[in-house]
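Here the structure comes first, spelled out in structure tokens, and everything after it is commentary.
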Amino acid sequence: QLRGSHVDLLAGYSLDQNWMLLSGVGYEHERSSDHGSSSGEFNAKAGLQYKDVAITMQYTPDTETWSLGISIPLGR
């Protein structure tokens with residue numbers, strides 16, 4: 001049973017061969033199985049990517065919270 005979903009849309013601008021500037025938006029949706037209610041919130045993201053490793057900051061205006069995300073590829 002699906003209780004929530006999350007989607008991100010990021011775009012990058014290449015600064016050079018190794019560095020990329022990132023910017024985008026996200027949306028998170030949650031549904032409460034107890035009451036059948038649902039809620040969702042948008043967020044804004046910005047960050048940098050060095051080769052394959054991305055570091056992003058996220059701001060969610062509804063809750064006025066900040067978070068840090070790190071994406072590291074595993075395996076090849």
Side-chain angles (χ1 to χ4, degrees):
Q1 179 177 350
L2 179 66
R3 297 186 190 263
S5 59
H6 179 99
V7 65
D8 289 322
L9 176 64
L10 290 172
Y13 176 77
S14 181
L15 300 173
D16 66 22
Q17 184 177 348
N18 295 318
W19 289 93
M20 185 171 293
L21 185 62
L22 302 172
S23 178
V25 295
Y27 181 77
E28 292 184 47
H29 180 265
E30 291 185 13
R31 196 185 91 188
S32 171
S33 61
D34 297 337
H35 306 296
S37 63
S38 64
S39 64
E41 56 190 21
F42 286 96
N43 54 58
K45 296 177 180 262
L48 285 172
Q49 180 172 325
Y50 177 71
K51 294 188 177 181
D52 291 334
V53 178
I55 298 174
T56 56
M57 288 295 298
Q58 172 180 305
Y59 176 68
T60 306
D62 293 344
T63 56
E64 297 183 353
T65 57
W66 289 88
S67 60
L68 175 68
I70 299 174
S71 177
I72 301 171
L74 302 175
R76 291 263 174 191

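Just the heavy atoms: all of them, side chains too, but no hydrogens, waters or symmetry mates, feed the values below. Nothing fancy with the numbering, it's 1 onward along the sequence.
- Closest of all the heavy-atom pairs between T63 and T65 is OG1-OG1, 2.9 Å.
- Closest heavy-atom contact between P73 and D52: CD-O, 3.2 Å.
- In E30, the CD atom is not crowded: 12 or fewer heavy atoms of neighbouring residues, nucleotides or ligands sit closer than 6.0 Å.
- Going from atom CE of M20 over to atom NZ of K51 covers 13.5 Å, rounded to the nearest 0.5 Å.
- Interatomic distance, H6 NE2 to Y27 OH, rounded to the nearest 0.5 Å: 12.0 Å.
- Separating the CG atom in L10 from the CD atom in Q49 is a distance of 9.5 Å, to the nearest 0.5 Å.
- Residues satisfying the side-chain contact (heavy atoms from CB on, under 4.5 Å) test with I55, not counting sequence neighbours, are L68, I70.
- Here the shortest heavy-atom pairing between L48 and W19 reads CD1-CZ3, 4.2 Å.
- Taken to the nearest 0.5 Å, the CG atom of D8 stands 8.0 Å off from the CD atom of E28.
- Hydrophobic clustering, with ILVMFWY side chains joined whenever heavy atoms are under 4.5 angstrom apart, groups M57 together with I72.
- In this structure, OH on Y50 lies 9.0 Å from CG on D16, to the nearest 0.5 angstrom.
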